[in-house]
Amino acid sequence: MPELPEVEVTRRLIAPLLIGRRIRAVHTTRPSYFFLTPPAQLRRALVGRTVGALERHGKYLLASLDDASRLLLHLGMTGQLFSSVVSSPRLLSSTARASLTPEAQRGFVPDAHTHLRLELDGGGPDVVFRDVRKFGKVLLLAPGSSDPRLDKLGPDALAVTAEQLARAARRRAGPVKSFLLDQAVLAGVGNIYADEALFLAGVRPLRGANRVRPGEWARLADSVRKVLERSIETGGSSISDYIRPDGADGGYQDERRVYGREGEPCSACGARIVRVVIATRSSCYCPRCQR
DNA sequence: CGTTACACCTGAGGGC
DNA sequence: TGCCCTCAGGTGTAAC
């Protein structure tokens, strides 16, 4: 679920809970697909560490620790990173929520999907990482080491230029939609914001990337930045699982022009929004506004 | 090298 | 009500 705006909003709200804090205790679930670093090793390595900075690279978060190691986090499709003092209806199924006491409903209660919980010195709330589908990832990077997942990322989508996009697209005959989703080309755009940026730029998602003209790359680069910045301002898109770290919903889902709006009238021209499948990802566009 | 198909995992919602 | 199918904001890998 989370794309660049959701990860950036998460970073801004989680940073004050983590930075300068010493990790007092670490709670995890059993080993799984989710843990690139085995949970037992993770617990040993993290306890006693103090967090320096919390940075974002595309959709990845990177926490630097006082022993020069770094903790790499990815939210996958259903990952949620939040403060333990929140209570949000998105965090529990209705049946699970109904079984809690009123006191428990006011704070977060760890469940089987709560894969990582950091207790911090200083009396603040815990930092919780919950992920139902476990497509999210946790990886501890030893001092001085990196990871291919980070190294292969293209320029951050908030800073990408038309020239960078046009150059990267030269040998790319596939759909421009797939091109925008390629994290090695630009880092941070996912299915929602690719569709939204293509709409704003007036470009059809199925057009070959190498058949997009220079003027259109300029509009696309602007549209990508505009859409992402506006989403960050509104707190991101809360469509199914995403919540802000403080438990509130984002607001960008109400500003979508095409994503998830198949069959609805285009907000610009009234034509019916169309849905096609491109490389297994559903893609919505306006057949009149986008060429 | 570029591109596609599929796997990874769980839950919600629609159709019958 | 229950079952079965499809779909979901991502990404790594194998295969062409």
Side-chain angles (χ1 to χ4, degrees), chain A residues 1-10 29-36 57-61 72-81 89-97 111-115 130-139 147-154 157 168-197 205-206 208-211 227-228 231-232 234-244 249-253 255-256 258-263 275-284:
Chain A
M1 125 264 131
E3 305 181 30
L4 186 150
E6 292 76 31
V7 178
E8 176 61 18
V9 171
T10 295
T29 48
R30 301 286 86 200
S32 73
Y33 192 75
F34 177 84
F35 291 102
L36 295 175
H57 297 267
K59 303 174 195 174
Y60 287 91
L61 287 173
L72 185 64
L73 306 173
H74 194 288
L75 299 180
M77 287 280 268
T78 52
Q80 302 168 313
L81 198 58
R90 285 177 193 273
L91 294 176
L92 289 172
S93 68
S94 53
T95 50
R97 193 167 54 252
D111 63 1
H113 303 302
T114 305
H115 301 297
R130 185 171 178 271
D131 185 0
V132 169
R133 290 176 75 183
K134 292 188 289 223
F135 290 168
K137 294 284 171 280
V138 180
L139 173 64
D147 185 88
R149 294 158 210 269
L150 269 185
D151 298 338
K152 71 158 206 202
L153 294 179
R170 259 177 222 167
R171 317 241 153 161
R172 304 286 294 253
V176 60
K177 165 72 180 280
S178 302
F179 177 79
L180 291 177
L181 292 177
D182 186 342
Q183 303 298 295
V185 170
L186 74 170
V189 171
N191 212 26
I192 297 178
Y193 301 106
D195 278 7
E196 295 299 310
L206 279 161
N210 59 1
R211 301 218 319 263
V227 161
L228 297 177
S231 182
I232 292 169
T234 64
S237 295
S238 290
I239 293 171
S240 71
D241 296 283
Y242 170 72
I243 52 161
R244 305 187 340 173
D249 278 355
Y252 197 77
Q253 64 280 5
E255 301 192 14
R256 284 170 300 136
V258 287
Y259 176 82
R261 295 200 181 280
E262 178 187 14
R275 186 182 88 101
V276 294
V277 174
I278 302 175
T280 75
R281 312 300 304 278
S282 93
S283 307
C284 294

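Just so it is clear: chains get the letters A, B, ... in the order the sequence lines come, proteins before strands, and each one is counted from 1. Heavy-atom basis, side chains included; hydrogens, waters and symmetry copies ignored.
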**Q** For A:I239 and B:dA12, give me the distance from atom CD1 to atom C1', rounded to whole Å.
**A**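 Interatomic distance, CD1 of A:I239 to C1' of B:dA12: 15 Å.
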
**Q** Measure from the side-chain N and O atoms of A:S231 to the backbone N and O of A:Y252, and report whether any donor-acceptor pair falls under 3.5 Å.
**A**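 Checked: no pair found.
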
**Q** Given side chains that start at C-beta, do those of A:L81 and A:L61 come closer than 4.5 Å, heavy atoms only?
**A**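 A side-chain contact under 4.5 Å exists here.
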
**Q** Does the side chain of A:K59 get closer than 4.0 angstrom to OP1 or OP2 of C:dG10 through an N or O atom?
**A**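 For C:dG10, OP1/OP2 do have a side-chain N/O of A:K59 under 4.0 Å.
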
**Q** Give me the distances for all protein-to-nucleotides 12-16 of chain C N/O pairs that come in under 3.5 Å?
**A**
residue	atom	partner	partner atom	Å
C:dG12	OP1	A:Y60	OH	3.3
C:dG12	OP2	A:K152	NZ	2.5

**Q** Applying side-chain hydrogen bond (donor to acceptor under 3.5 Å, both in side chains), name anything that partners A:S178, two or more places apart in sequence or on another chain.
**A**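 Not a single residue meets the side-chain hydrogen bond (donor to acceptor under 3.5 Å, both in side chains) criterion with A:S178.
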
**Q** Mind checking what makes side-chain contact (heavy atoms from CB on, under 4.5 Å) contact with A:R275, not counting sequence neighbours?
**A**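 So A:R275 forms a side-chain contact (heavy atoms from CB on, under 4.5 Å) with A:E262, A:V277, A:S282, A:C284.
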
**Q** Rounded to the nearest Å, what distance is computed from the CE atom of residue A:M77 to the P atom of nucleotide B:dC6?
**A**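 Distance check: A:M77 CE to B:dC6 P gives 17 Å.
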
**Q** When the P atoms of B:dC6 and C:dT6 are compared, how many Å lie between them, rounded to an integer?
**A**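 Pairwise P distance, C:dT6 against B:dC6, rounds to 13 Å.
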
**Q** Using the 3.5 Å cut-off, write out each protein N or O paired with an N or O of nucleotides 2-4 of chain B and the distance between them.
**A**
residue	atom	partner	partner atom	Å
B:dT3	OP1	A:A173	N	2.5
B:dT3	OP1	A:G174	N	2.5
B:dT3	OP2	A:R172	NE	2.3

**Q** Counting only N and O atoms by type, is there a donor-acceptor contact under 3.5 Å from the side chain of A:E196 to the main-chain atoms of A:V227?
**A**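 It does not hold such a pair.
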
**Q** Distance criterion of 3.5 Å, no angle test: do you see the side chain of A:Y33 paired donor-to-acceptor with the base of B:dC9?
**A**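 When only heavy-atom distances are counted, A:Y33 does not reach the base of B:dC9 through any donor-acceptor pair under 3.5 Å.
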
**Q** Using the test side-chain hydrogen bond (donor to acceptor under 3.5 Å, both in side chains), find all partners of A:T10 that sit at least two apart in sequence or belong to another chain.
**A**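 Residues passing side-chain hydrogen bond (donor to acceptor under 3.5 Å, both in side chains) with A:T10: none at all.
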
**Q** Please report the distance, rounded to the nearest Å, between CG in A:D241 and C1' in B:dT10.
**A**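 My rounded result for the distance is 10 Å.
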
**Q** Not counting sequence neighbours, which residues clear side-chain hydrogen bond (donor to acceptor under 3.5 Å, both in side chains) with A:Q183? List them please.
**A**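 side-chain hydrogen bond (donor to acceptor under 3.5 Å, both in side chains) list for A:Q183, sorted by chain: empty.
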
**Q** Closer than 4.0 Å, any side-chain N/O of A:H74 to the OP1 or OP2 of C:dG10?
**A**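 Checking A:H74 against C:dG10: no side-chain N or O falls below 4.0 Å of OP1 or OP2.
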
**Q** For A:T114, check side-chain contact (heavy atoms from CB on, under 4.5 Å) against everything at least two apart and list the hits.
**A**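 Per chain and number, A:T114 pairs via side-chain contact (heavy atoms from CB on, under 4.5 Å) with A:F108, A:P110, A:D111, A:V128, A:R130.
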
**Q** By side-chain hydrogen bond (donor to acceptor under 3.5 Å, both in side chains), which residues pair with A:Y259, not counting sequence neighbours?
**A**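 Scan of A:Y259 (side-chain hydrogen bond (donor to acceptor under 3.5 Å, both in side chains), adjacent residues dropped) gives none.
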
**Q** Any side-chain to backbone donor/acceptor pair from A:E8 onto A:I232? Under 3.5 Å, distance only.
**A**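 Not a single qualifying donor-acceptor pair exists.
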
**Q** Any base atoms under 4.0 Å from A:Y259, or only sugar-phosphate, or nothing? Heavy atoms, all strands.
**A**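 The answer is sugar-phosphate, as A:Y259 gets under 4.0 Å only of primed atoms, P, OP1 or OP2.
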
**Q** Report the distance from atom CG of A:L73 to atom P of C:dG10, rounded to the nearest whole Å.
**A**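 Between P of C:dG10 and CG of A:L73: 17 Å.
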
**Q** For A:V189, is there any backbone N or O sitting under 3.5 Å from a side-chain donor or acceptor partner on A:K59?
**A**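 Yes; judged by distance alone, with no hydrogens or angles, the pair exists.
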
**Q** To the nearest Å, how far apart are A:R133 CZ and C:dG10 P?
**A**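 From A:R133 CZ to C:dG10 P: 10 Å.
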
**Q** What's the CZ-P distance between A:R130 and B:dT10, to the nearest Å?
**A**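 Atom-to-atom, A:R130 to B:dT10, this comes out as 13 Å.
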
**Q** Is a donor from one side chain sitting under 3.5 angstrom from an acceptor on the other, for A:K177 and A:S283?
**A**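 On atom types as modelled, these side chains qualify, holding a pair under 3.5 Å.
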
**Q** Could you tell me whether the phosphate oxygens of B:dG11, OP1 or OP2, come under 4.0 Å of any side-chain nitrogen or oxygen in A:H113?
**A**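 So the side chain of A:H113 is within the cut-off, an N or O lying under 4.0 Å from OP1 or OP2 of B:dG11.
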
**Q** OP1 or OP2 of C:dG10 sitting under 4.0 Å from any side-chain N/O of A:R281?
**A**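 Yes, within the criterion.
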
**Q** Considering residues at least two apart in sequence or located in another chain, which fulfil the side-chain contact (heavy atoms from CB on, under 4.5 Å) criterion with A:D182?
**A**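 Testing A:D182 for side-chain contact (heavy atoms from CB on, under 4.5 Å), a comparison that skips the adjacent residues, returns A:R172, A:A184, A:V185.
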
**Q** What class does the angle between the rings of A:F35 and A:H115 fall in, given that below 30° is parallel, 30 to 60° is tilted and above 60° is perpendicular?
**A**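 Rings of A:F35 and A:H115: perpendicular, over 60°.
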
**Q** Let me know the distance between CG of A:L72 and C1' of C:dT11, rounded to the nearest Å.
**A**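 It is 13 Å, rounded to the nearest whole Å.
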
**Q** What integer number of Å spans the P atoms of C:dC7 and B:dA5?
**A**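 So the two P atoms sit 15 Å from each other.
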
**Q** Write out a two-atom table: protein N or O, nucleotide N or O from nucleotides 5-7 of chain C, distance below 3.5 Å.
**A**
none

**Q** Which string of ( ) [ ] | and . matches DNA chain B, if you list each base 5' to 3' and count Watson-Crick or G-U pairs only when both distances are under 3.5 Å?
**A** .|||||||.|||||||

**Q** Take the protein atom CG of A:L153 and the nucleotide atom C1' of C:dT11, then report the distance between them rounded to whole Å.
**A**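 So the two atoms are 11 Å apart, to the nearest Å.
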
**Q** Under the ring pair (Phe, Tyr, Trp, His ring centres under 6.0 Å) rule, collect the residues that match up with A:Y60, sequence neighbours excluded.
**A**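 Expected list: A:H74.
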
**Q** Taking OP1 and OP2 of B:dT10, is either one under 4.0 Å from a side-chain nitrogen or oxygen of A:K134?
**A**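 Yes, such a contact exists.
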
